[in-house]
Amino acid sequence: MHFIKFLARRIGHSVFVILGLSILVFLIARVMPGDPARMALGPRAPEAVVQRFREELHLDKPIYVQYYYWLRGAVQGDFGMSLFTKRNVAHDVKEFLPATLELMVCTGIIFTVFGILLGVASARYANKWPDNVVRVFSYLGVCTPAYVFGILFLLLFGYVFNLLPTIGRLSPELEYPAHATGFITIDSIIAGDFRAFWDGLKHLIMPSVALALGPMAQEARITRSSMTENLQRDFIALERSQAIPERRIMTRYLMRISIIPTVSVLGLDFASQLGWAFLVELIFNWPGLSRYGINVMLHKDLNAIVAVIMIIGLVFLVVNIVVDIIVAGLDPRIRLGAERSK
Amino acid sequence: MARRLLHIRDLHVRFDVYGGTLKVLNGVNLHLDEGEKVGLVGETGCGKTTTAKSILRILPMPPAKITGGEILLGKDDILKMGIRQLRELHSHGISMIFQDPTASLNPVFTIGDQLTDTIRYSTVEQKLTKRETKKRAVSALSDVSLPDPVRILENYPIQLSGGMRQRICIAMALASRSRLLIADEPTTSLDVTIQAQVLKLLGRLVEEKDTSTILITHSLGVVREWTQRVYVMYAGQMVETAPTKELFHSPFHPYTKGLMKAVPKLTGEGVALGISGRIPDYLNPPTGCRFHPRCPHVMDVCRKERPPYFVAGDTHEVACFLYREK
Ligand SMILES: Nc1ncnc2c1ncn2[C@@H]1O[C@H](COP(=O)(O)OP(=O)(O)OP(=O)(O)O)[C@@H](O)[C@H]1O
Ligand SMILES: [Mg+2]
């Protein structure tokens, strides 16, 4: 019951955030220098034609009218035409978003699992060699941007050892499985095409590991420090004084409380990948939304820019809500505190 | 003659912290007979909690390190115990009530989760069913006069008041029917009216089972009322021990005398000493007697040598060169 209220409040809150974001993005996109109509039609198009195009896009109207037209379309899933691909923006997004989402999910799984494992290992063997190895790795991971890893992997595993495919999501000789989710790995399983599954997975490895290393290092550090800190707390001493087996203390009592800061950061890391992903998508020629986003920005493709940013914002919000729910589930202080302050 | 239950000899504990090593416990000696109730007093930071946690082997390591001494329970040295023996010690040998009930309950588990584990692992006779465990948990909470125990089992620590949390900690410590109870300032975190209630309750429960007790406290009033013998601790050493009445009547050590003159502060947790200065830095503790920089009667020998215990009465010992002659 409390949970439903909590969720409803969070979602209601998010609607306002999205609206605010849309106004802001809309404004910024319009005040950027350059004339979108002129850029779309090219320098040699006659002024009369360009003018007619402006009117078609409502660019001659005051900005709040433009926003109204945009909002009316957006709630129906129509974000207008892309001036760059000359297609409906919604269509473009539908094509490019799944590729990016698949990359993000794969990356997220990698850094969640390995980040926490490494963190637990280095807390367990604090100041012994596993901890030191993880520490060095963490420094490297935190301070190296994902695209550097991307280029390194590309050279090493793509060209020198020729182990993994370097371009796109699927080898050209393979047929794309029937579109169900847009995730190649999932669609190929649905279609029962295991060759495509294996190939798609191989394509995913390098870009997702390149993206995952930074957040993984971060998760490992946070998990380690929260575990070692909590190990010194009195409740652990109390639990030890009550003959509760050490293994149970570690896996149950220490784990649940120590994982809370990690989970909070996980969400942020997960969402901010979208920002990092564009360079990695460029490097691996990944037909994703981030790459698309950069292209449309360079072309001052108004509708597409707004749509891409809105989608990134939406992903942020959804991820944040999910993280809040998980954290509230783990931490009664937050759950009950939220209830109380209601 | 009563049997010796616990005997700590020359215990040394250090903390390795950023910036150096804190030499906190520096040769602690303490003993206790079966059924005896002793008090342990000393100003804040003198190592009372560290001593208590050493006895149970629950100091956080790192940073703590036990570098010497022995802690005999009966004939067994606790410091040499293996995992199985330690588990026995924890399940029904010694239990402890912690100083701060808020810090000593795990905030992300319900009271029920924590209390049933306590009961489960401290029950030695036979494996309890879930039902049975819960029944015992409810009765453990009723024993410490908590209203509506069934509901409290479902609560998380933040949903309860400080007094309730402390009662829960007492219930946990008593659930295991231990031979020795260490109560580490069981009431300091509570406000005055509740302090009295909790102390009375604890006193009743301890009397009922005639449990040997080490009571750590700042309050000399509580010591006087509760204990048969007292240890006075200063900067990681016992400076004086005597039967309670005798200690109050004729304290010997200059530090003890200062304590007696002290005015209990109602607000803070410490006592304002009748002696100027404060507890020394454990990074570079004073040589000789650790109290000498604050001692009004300091002599040359105090700076160079550590005073041994001089016998000043039947069970009255004092570690101070002023009493060398006796
Ligand atoms: N976890 C720790 N890390 C580092 N130093 C510690 C730790 N625990 C205790 N100490 C050191 O040991 C000294 C004694 O601490 P302890 O908690 O035993 O004092 P106490 O006599 O119980 O004081 P109080 O009356 O305030 O409870 C402190 O001054 C502190 O410097
Ligand atoms: Mg203490």
Side-chain angles (χ1 to χ4, degrees), chain A residues 1-3 122-128 131-132 224-264 326-342, chain B residues 15-17 49 52-53 55-64 83-84 86-110 113-124 154-159 168-169 172-173 175-176 178 182 184:
Chain A
M1 192 54 229
H2 287 302
F3 175 72
S122 63
R124 170 77 181 72
Y125 299 101
N127 300 319
K128 310 231 168 65
D131 184 28
N132 295 331
R224 179 202 187 272
S225 72
S226 97
M227 283 183 81
T228 46
E229 202 180 297
N230 283 327
L231 258 181
Q232 293 189 34
R233 302 270 289 275
D234 261 357
F235 55 78
I236 296 290
L238 178 78
E239 283 152 11
R240 284 180 170 154
S241 82
Q242 293 173 339
I244 300 175
E246 189 71 7
R247 160 163 290 219
R248 185 172 170 82
I249 295 177
M250 295 298 121
T251 55
R252 180 177 158 87
Y253 290 107
L254 178 63
M255 201 60 198
R256 171 149 354 151
I257 189 166
S258 302
I259 210 76
I260 292 167
T262 316
V263 174
S264 318
I326 298 176
V327 169
L330 285 172
D331 192 345
R333 289 166 296 184
I334 289 179
R335 191 163 69 236
L336 302 168
E339 256 168 48
R340 218 177 262 169
S341 67
K342 175 184 54 203
Chain B
F15 290 92
D16 287 317
V17 292
T49 301
K53 286 184 179 168
I55 298 172
L56 279 156
R57 287 263 303 268
I58 53 171
L59 278 171
M61 305 195 192
I83 290 181
R84 297 243 325 257
L86 261 186
R87 190 168 290 176
E88 259 171 51
L89 173 84
H90 290 156
S91 69
H92 54 278
I94 308 179
S95 20
M96 175 163 167
I97 299 168
F98 283 66
Q99 189 165 2
D100 177 359
T102 303
S104 55
L105 290 171
N106 192 323
V108 301
F109 288 88
T110 62
D113 283 338
Q114 304 183 52
L115 185 57
T116 48
D117 258 15
T118 307
I119 291 170
R120 172 134 57 107
Y121 292 105
S122 62
T123 310
V124 272
E154 315 262 286
N155 282 156
Y156 288 93
I158 61 152
Q159 293 171 293
I168 288 161
C169 290
M172 284 179 165
S176 52
S178 297
I182 303 174
D184 188 359

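Lettering follows sequence order; numbering is per chain, from 1. As a basis for the values below, the full set of heavy atoms in this structure was taken, side chains included, without hydrogen atoms, waters or symmetry mates. Note that the structure is a prediction, hence the values are computed from the model and not measured.
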### Query
Taking side chain as C-beta onward, heavy atoms only, is Ile83(B) less than 4.5 Å from Glu246(A)?
no
Heavy atoms of Arg248(A) and Tyr121(B) approach each other most closely as CD-OH, 3.2 Å
When rounded to the nearest 0.5 Å, the distance separating OG of Ser91(B) from CD of Gln242(A) is 11.0 Å
Greatest number of non-hydrogen atom pairs under 4.5 angstrom with chain A, of Ile119(B), Thr118(B), Asp117(B), falls to Asp117(B)
- Query: Below 4.5 Å, heavy atoms only, C-beta onward: do Pro332(A) and Gln159(B) meet side chain to side chain?
  - Reply: no
In terms of heavy-atom pairs under 4.5 Å with chain A, the winner among Arg57(B), Met96(B), Met172(B), Met61(B) is Met172(B)
Practice prompt. Check whether any side-chain heavy atom of Pro245(A) sits under 4.5 Å from a side-chain heavy atom of Arg87(B), and report yes or no.
Written response: yes
Interatomic distance, CD@Glu239(A) vs CZ@Phe109(B), rounded to 0.5 Å, equals 7.5 Å
Heavy-atom nearest pair, Ser241(A) first then Leu56(B), reads CB-CD1, 4.3 Å
Honestly, the part of Arg252(A) sitting under 4.5 Å from a heavy atom of chain B is both
Assert top hit (heavy-atom pairs under 4.5 Å, partner chain B, pool Leu330(A), Asn127(A), Ile244(A)) equals Ile244(A)
- Item | Side chain His90(B), main chain Arg240(A), donor-acceptor under 3.5 Å | yes
Bottom line for Ile236(A): the part with an atom under 4.5 Å from chain B's heavy atoms is neither
**Asked** Is there side-chain contact between Phe235(A) and Gln114(B), with at least one heavy-atom pair below 4.5 Å?
**Response** no
Any heavy-atom pair between the side chains of Asp234(A) and Lys53(B) that's under 4.5 Å?
yes
Counting heavy-atom pairs under 4.5 Å with chain A, the top scorer among Thr49(B), Asp113(B), Leu86(B) is Asp113(B)
